[in-house]
Amino acid sequence: MNRKQKKMLVRIVVSAVLLLLANLRVLPFPVRCVLYAASYGIVGWDILRKAAMGIGNGQVFDENFLMAVATLGAIALAIVERSGDFNEAVAVMLFYQIGELFQGIAVGRSRRSIGALMDIRPDYANIEDGGMLRQVDPEEVAPGSVIVIQPGERIPLDGFIVDGTSAVDTAALTGESLPRDVKAGDEVVSGCINLTGVLRVQTTRAYGESTVARILELVENSSSRKSRSENFISRFARVYTPAVVFGALALALLPPIVRLALGQDALWSVWCYRALTFLVISCPCALVISIPLGFFAGIGGASREGILVKGSNYLETLSKVKTVVFDKTGTITRGVFEVSGIHHSSLSDDKLLEYAALAECASSHPISQSLRRAYGAEPDRSRVRDIEERSGRGVLATVDGVRVAAGNDKLMDELGVPFIPCRSAGTVIHIALDGEYAGHILIADAEKDDVREALAALRAAGVEKTVMLTGDAESAAKQVAERVGIDEYRSGLLPGDKVALVEQMLEASDGRGKLAFVGDGINDAPVLSRADIGIAMGALGSDAAIEAADVVLMDDDPMKISRAIAIARKCLRIVYQNIVFALAVKLICLLLGALGLAGMWAAIFADVGVMVLAVLNAMRALNTKNL
Ligand code: ADP
Ligand code: MG
């Protein structure tokens with residue numbers, strides 16, 4: 001409980017005690033009236049104030065207004081009838097406030113538990129300064145500086161290890177509970193915890209661009225992207241409350257007038273009372289609070305597993321996914337290629353590899369990283385000029401004055417260089433030097449271990465079709481597709497073709513069943529943003545993916561896709577349960593109230609009860625254990 005909530009609790013207790021005292025018949029009547037007034041005033045003054053302010057601002061019809069009118073009306077009724085019984089009016093206000101308090105605590109709890117999941121903000125970075133460690137604000141550390149991270153400390157900035165070995169705990173980011181071993185040369189991302197050894201890390205990004213800052217920003221913004229259900233509820237509340245107020249007015253006026261016309265006793269106070277009860281019942285708090293809370297809890301539960309959902313609207317779309325389209329490299333396959341052969345080389349094999357690695361020195365494509373790894377040494381960038389990357393085809397660069405082209409069949413066709421096709425399975429990188437064909441390098445990529453299981457899990461989660469798109473050649477694509485058992489595949493696609501294909505599929509499905517695209521953000525950011533929902537994998541460290549995607553999977557485990565869908569389904573189920581439950585109870589109570597079968601006591605209990613149950617139900621979305 002925070003301070004405000006504690007104050008509220010004190011007010012509630014004091015008010016309840018005064019209300020009990022006011023019921024002591026031995027006290028003189030004027031004293032009891034003062035006690036009633038004090039009890040009501042202490043617990044309800046802020047509601048009355050907010051209601052008055054609402055009227056002043058022209059936003060008349062809200063819950064505060066309903067409660068103020070209902071309780072003041074009940075007081076007026078007691079005065080007119082000379083019953084001297086103000087219990088009902090005070091108790092309604094009291095219970096309403098108890099409900100509000102409970103709801104505030106629940107919201108605070110779920111916010112905090114998400115906050116704790118996302119408690120990855122580093123407080124400081126250690127800089128070595130004359131043999132001493134000095135703590136500085138991570139924002140002050142320039143990229144390229146060397147920082148020291150001691151065991152047990154959080155890694156404050158992205159970078160690579162220059163010295164030291166250790167194990168790092170990535171659980172807060174990926175949900176992966178096994179620590180990862182790291183050594184000099186490895187990349188580390190901010191937000192993880194250094195467990196065992198002292199690490200010296202050369203930072204590669206400023207704090208604002210580091211993984212941790214981007215994730216925090218993403219989580220903080222997620223509540224502003226509202227889903228259809230959520231918008232529906234706020235629109236609903238806007239028409240609902242005025243409708244209820246006018247309904248109550250009609251209930252207070254019409255029956256007595258009809259009775260008068262029929263020559264009967266009007267029974268004004270009976271109908272006024274029913275109208276007031278009507279107002280109490282109709283308070284839409286359960287809906288208004290439990291629906292955003294449900295989505296919030298769903299997003300929190302997902303992020304605990306390393307699945308970041310950028311808004312509740314995406315959770316809603318995710319729950320309706322029927323088609324999942326995958327990118328090949330880095331998504332279905334590991335994206336870690338091994339050189340498996342060098343053929344038809346007009347130079348020595350090593351020389352060909354050297355040209356390729358140098359030409360690829362600036363690319364972030366998995367292929368180029370593999371070629372650089374096979375080359376062994378850090379490429380000397382001063383030998384390379386005029387680098388031009390053609391996405392989906394390859395790269396062009398001038399190395400030692402020789403114009404090098406490294407890429408697939410398409411690139412060679414474009415340059416008009418005749419090439420020798422390769423019959424072995426794998427991805428082929430043709431090399432041309434100064435426009436002359438110089439042979440090709442064959443590289444092979446392996447599928448991720450659990451892609452087969454992941455595809456089966458997707459089908460179990462209700463996905464009807466899986467498709468693989470790739471810019472790679474037909475033979476490589478076919479081999480992978482058959483091995484993992486994907487429904488359909490298309491090969492030889494440029495990034496633009498992928499967008500066009502996804503658009504075709506979107507049109508064909510006509511909005512029934514949503515389409516998700518899963519990619520790694522390299523060469524496929526446009527598709528990520530064009531699909532109904534873009535899922536980026538292995539996003540730790542990839543800027544483009546975090547920007548373009550709607551759902552970000554922090555590691556590259558393909559099983560997470562079906563987990564994300566299952567979590568979304570559960571969350572939506574809970575939200576719909578709450579909508580139906582709250583509306584049904586309200587409707588029944590309204591009917592009973594209008595018929596005079598339920599009084600204000602029943603009304604306030606129904607209202608607070610529904611709210612408590614709905615909030616508890618919403619909190620279930622936080623739990624993603626047994627899906
Ligand atoms: P995918 O669709 O499988 O993710 P991309 O669209 O990233 O693949 O690339 C498609 C093809 O383009 C690759 O299979 C490769 O033949 C070629 N290619 C792309 N980038 C490069 C590069 N940097 N070096 C060499 N070839 C490349
Ligand atoms: Mg790709």
Side-chain angles (χ1 to χ4, degrees), residues 325-337 339 352-353 355-375 379 384 387-397 399 404-415 417 419 421-422 425-432 438-448 451 467-481 484 486 489-502 517-528 534-538 542 544-545 548 556:
V325 181
F326 292 88
D327 190 38
K328 180 178 80 85
T329 311
T331 306
I332 298 240
T333 64
R334 268 189 250 265
V336 183
F337 297 85
V339 171
L352 195 70
L353 189 58
Y355 273 125
L358 284 168
E360 297 271 9
C361 70
S363 168
S364 62
H365 198 278
I367 289 180
S368 78
Q369 289 174 8
S370 318
L371 289 176
R372 294 204 298 266
R373 211 174 16 254
Y375 171 58
V384 192
I387 301 175
E388 182 190 334
E389 184 152 4
R390 303 226 174 141
S391 67
R393 278 157 290 196
V395 293
L396 300 172
V399 179
V404 181
N408 54 15
D409 301 4
K410 277 209 186 76
L411 186 72
M412 295 298 124
D413 286 340
E414 260 179 35
L415 299 174
V417 176
F419 57 90
C422 188
T427 299
V428 183
I429 313 292
H430 297 290
I431 313 283
H440 57 238
I441 303 176
L442 185 68
I443 57 180
D445 188 9
E447 295 90 46
K448 291 184 189 161
V451 173
V467 184
M468 180 180 87
L469 304 184
T470 180
D472 211 344
E474 165 73 17
S475 61
K478 183 162 183 219
Q479 195 189 22
V480 172
V484 300
I486 206 156
Y489 71 91
R490 300 292 176 80
S491 60
L493 302 170
L494 296 179
D497 302 336
K498 294 185 188 173
V499 177
L501 262 176
V502 162
F517 179 83
V518 193
D520 58 359
I522 296 172
N523 283 354
D524 54 19
V527 205
L528 276 176
I535 305 179
M537 282 201 127
S542 158
D556 51 11

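In this chain, residues are counted from 1 in sequence order. Indexing begins at 1, ligand by ligand and atom by atom, following the structure's order.
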Atoms of ligand 1, numbered as shown, that sit under 4.0 Å from any heavy atom of [X]:
| X | value |
| --- | --- |
| Gly471 | 1 (P), 2 (O), 3 (O), 8 (O), 10 (C), 11 (C) |
| Ser363 | 23 (N) |
| Val395 | 23 (N) |
| Asp472 | 10 (C), 14 (O) |
| Glu389 | 23 (N) |
| Asp327 | 1 (P), 2 (O), 4 (O) |

Which of the listed options, [options], holds the heavy atom that is closest to [atom]?
| atom | options | answer |
| --- | --- | --- |
| atom 23 (N) of ligand 1 | Met468, Lys328, Arg390, Glu360 | Glu360 |
| atom 27 (C) of ligand 1 | Ala406, Gly330, Gly394, Ser370 | Gly394 |
| atom 17 (C) of ligand 1 | Arg393, His430, Lys498 | Arg393 |

Please work out, at 4.0 Å between heavy atoms, whether the side chain, the backbone, both, or neither of Thr329 comes within that distance of ligand 1.
both

Counting both backbone and side chain atoms, is some N or O of [X] under 3.5 Å from an N or O of ligand 1?
| X | value |
| --- | --- |
| His365 | yes |
| Thr427 | no |
| Ser368 | no |
| Gly392 | yes |

May I ask you to decide if Thr331's main-chain N or O and Lys448's side chain share a donor-acceptor pair within less than 3.5 Å?
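Flag set: sc Lys448 to bb Thr331 pair under 3.5 Å.
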
Backbone N or O of Met537 within a donor-acceptor pair of the Asp520 side chain at under 3.5 Å?
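It does not hold such a pair.
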
Leu494/Lys410 under side chain to side chain contact (heavy atoms under 4.5 Å, CB included): CA gap, chis, key distance, verdict:
CA-CA 10 Å; Leu494 296 179; Lys410 277 209 186 76; 3.9 Å; yes

Give a yes or no on whether a salt bridge exists between [X] and [Y], defined as a side-chain N under 4.0 angstrom from a carboxylate O.
| X | Y | answer |
| --- | --- | --- |
| Lys328 | Asp472 | yes |
| Asp327 | Lys498 | yes |
| Arg393 | Glu414 | yes |

How long is the span from the CZ atom in Arg390 to the CG atom in Leu396, to the nearest 0.5 Å?
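Arg390 CZ to Leu396 CG: 5.0 Å, rounded to 0.5 Å.
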
Among residues at least two apart in sequence or on other chains, which ones pass side-chain contact (heavy atoms from CB on, under 4.5 Å) with Ser370?
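Counting only residues at least two positions away or on another chain, Ser370 forms a side-chain contact (heavy atoms from CB on, under 4.5 Å) with Phe337, Arg373.
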
For Ser364, enumerate each residue passing the side-chain contact (heavy atoms from CB on, under 4.5 Å) test, keeping only those at least two apart in sequence or located in another chain.
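Once residues adjacent in sequence are excluded, Ser364 has no partner under the side-chain contact (heavy atoms from CB on, under 4.5 Å) criterion.
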
